[in-house]
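All remarks here apply to the structure that follows.
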Protein chains: 2
Amino acid sequence: MAYTYDYPRPAVTVDCVVFGLDPTDCLQVLLIQRWLDPFAGQWALPGGFVRHQEGLVQAAHRELREETGIADLFLEQLQAYGQPQRDPRGHTVTVAFYALVNLWNYQVRAATDAKQARWWPMDRLPALAFDHDVIVQDAIATLRTTIRHRPIGFELLPAKFTLTQLQRLYETVLARPFDKRNFRKKLLKLDILVALDEKETNVAHRAAQLYRFDQAKYLERQQTEFNFDL
Amino acid sequence: MAYTYDYPRPAVTVDCVVFGLDPTDCLQVLLIQRWLDPFAGQWALPGGFVRHQEGLVQAAHRELREETGIADLFLEQLQAYGQPQRDPRGHTVTVAFYALVNLWNYQVRAATDAKQARWWPMDRLPALAFDHDVIVQDAIATLRTTIRHRPIGFELLPAKFTLTQLQRLYETVLARPFDKRNFRKKLLKLDILVALDEKETNVAHRAAQLYRFDQAKYLERQQTEFNFDL
DNA sequence: GCAAAAGTGTTCCCAGTACACCCATGT
DNA sequence: ACATGGGTGTACTGGGAACACTTTTGC
């Protein structure tokens with residue numbers, strides 16, 4: 001089968017920078033090991049060619065499902081990369097996405113996947129294929145700005161979480177410490193968290209209050225010129 | 001001539017949302033009228049197909065030069081749009097850019113261009129071809145956030161400008177009033193503007209001090225955790 | 001001299017920051 | 001009883017917001 005066009009066309013791919021928060025509070029990126037040339041054996045972002053009549057977001061979700069088994073995750077476009085030399089096979093434009101997953105659900109799955117997918121700590125990534133190192137750096141920068149302005153951090157945590165978990169998440173992503181009292185004051189005043197009738201269990205210290213993020217409340221506040229801004 | 005591939009490929013285009021500031025302080029968008037189907041006769045964003053081995057930014061600049069005569073302008077990627085139905089001719093992915101020009105230079109040029117390019121006031125755009133209305137709305141949203149965090153507003157003004165012009169620019173883009181004294185205080189304290197040895201001339205009122213934006217100073221400040229944030 | 005915009009300082013308030021101790025739970 | 005993290009309040013400070021009059025220029 002062949003497909004013919006009047007003018008040359010670049011290939012179009014999608015690539016995903018998937019972030020997950022380790023139980024030890026280290027931000028991880030999901031990579032897959034390439035089988036085929038170019039860059040056989042090297043690590044790369046999960047992704048692949050956009051199919052005929054397939055949307056970009058749809059393609060990103062499909063590739064993630066196929067290559068890592070992950071479905072139903074937060075996924076948003078980063079930007080397109082189109083330097084003509086970025087792929088040695090020929091002119092290829094890739095649309096990069098960044099995604100956030102709750103590692104409490106997916107931790108085992110990806111590690112044992114047949115396609116050799118693995119989580120790597122953000123600050124100790126291996127050499128990456130193509131221009132994927134640039135894409136990862138851009139994704140980290142975007143994650144850092146976005147997490148300060150929109151409540152996407154919750155995507156990295158389980159549905160029920162403690163304020164300390166949330167604080168550590170912000171400290172990890174932004175690589176800077178927060179004052180415990182000020183952090184709690186700020187977040188509770190935003191009035192987008194709901195205290196559950198539940199506490200931590202089986203911890204060797206005072207059990208912490210569990211909270212959940214209230215999307216509906218956030219959307220209300222959203223209207224009335226309110227800003228998240230951590 | 002024909003080009004053949006093993007798998008179908010979407011076409012790849014670029015589209016540019018070019019903003020200019022009218023002398024009457026109205027934000028304008030540059031549109032071109034289409035000659036050919038689909039959407040013949042309708043207004044659309046300047047743009048077109050990415051050529052073989054051509055970078056995305058390069059393609060955007062080329063199309064702008066060809067279709068509107070504008071060169072050397074601020075241009076940054078917005079995002080890619082790839083809904084399969086967005087182009088009736090077939091699966092087409094477009095990478096959208098937004099651009100800023102100083103209308104004091106380009107005002108006449110675009111209006112008299114052979115390809116029927118025209119500036120339209122942002123709030124009274126005609127119906128647009130493809131999904132270009134969505135792209136324009138996204139570009140406006142991005143412009144509004146970006147102009148508050150990075151000093152890109154100066155791209156819309158002549159090299160020498162008054163503080164009142166700058167204030168009106170922000171008021172126009174953000175569609176909200178600023179207090180004159182507070183605005184000046186804030187901007188001058190940032191220390192990225194340089195007062196010139198020059199004043200306005202031929203105005204029927206007290207002549208205003210002219211300033212220019214000092215890119216070098218901005219880059220210095222940039223390092224030392226300083227934020228623009230208007 | 002009048003119309004039109006330039007230019008300039010002070011007060012108030014809120015939000016961010018810094019900071020230290022007691023409490024609950026499991027071992 | 002002890003180790004571990006959970007949970008809480010206050011004082012200070014700096015930046016944003018509100019606000020009105022004098023100055024300069026061309027006509």
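So that the names make sense, note that chain A is the first sequence line, chain B the second, and so on, each numbered from 1.
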When you check the gap from the basic side-chain N to the acidic O, do A/Asp229 and A/Arg148 get nearer than 4.0 Å?
no
A/Gln167 atom CD is separated from C/dT17 atom C1', nearest whole Å, by 14 Å
With a 3.5 Å distance limit and no angle check, can you tell me whether A/Arg144 reaches the backbone of A/Val173 through a side-chain donor-acceptor pair?
yes
In residues 147-154 of chain A, which residues come under 4.0 Å of DNA chain C by heavy atom?
none
Distances for protein N/O vs nucleotides 24-27 of chain D N/O pairs under 3.5 angstrom?
{"unit_1": "D/dT24", "atom_1": "O2", "unit_2": "B/Arg206", "atom_2": "N", "d": "2.9"}

Base, sugar-phosphate alone, or nothing: which one does A/Gln209 contact when heavy atoms must sit under 4.0 Å apart?
sugar-phosphate
A/Asp25 CG to D/dG5 P, straight-line distance once rounded to whole Å:
12 Å
Between D/dG16 (C1') and B/Tyr170 (OH): distance, integer Å
17 Å
Please report the distance, rounded to the nearest Å, between NZ in A/Lys189 and C1' in D/dT8.
16 Å
When the distance from CD of A/Glu200 to C1' of D/dG6 is rounded to whole Å, what number comes out?
9 Å
Closest contact, heavy atoms only, B/Phe74 versus B/Arg150
CZ-NH2, 4.2 Å
Gap between atoms CG and P, on B/Leu187 and C/dT8 respectively (whole Å)
14 Å
To the nearest Å, how far apart are A/Leu210 CG and C/dA24 P?
17 Å
Within this structure, what is the CG-to-P distance between A/Asp229 and D/dG15, rounded to whole angstrom?
17 Å
Is a donor on one side and an acceptor on the other found under 3.5 Å between the side chain of A/Lys160 and the backbone of A/Lys199?
no
Hey, are A/Tyr98 and A/Asp138 close enough side-chain-wise for a donor-acceptor pair under 3.5 Å?
no
Is B/Thr164 close enough to C/dA5 that one of its side-chain N or O atoms is under 4.0 Å from OP1 or OP2 there?
no
As a test of understanding, state which of A/Leu125, A/Thr68, A/Val17, A/Val18 forms a side chain to side chain contact (heavy atoms under 4.5 Å, CB included) with A/Leu31.
A/Leu125
Which residues, if any, of residues 178-186 of chain B bring a heavy atom under 4.0 Å of DNA chain D?
B/Asp179, B/Arg181, B/Asn182, B/Lys185, B/Lys186
Where is the tightest heavy-atom contact between B/Leu30 and B/Ala117, given as atom of each residue plus distance?
CD1-CB, 4.2 Å
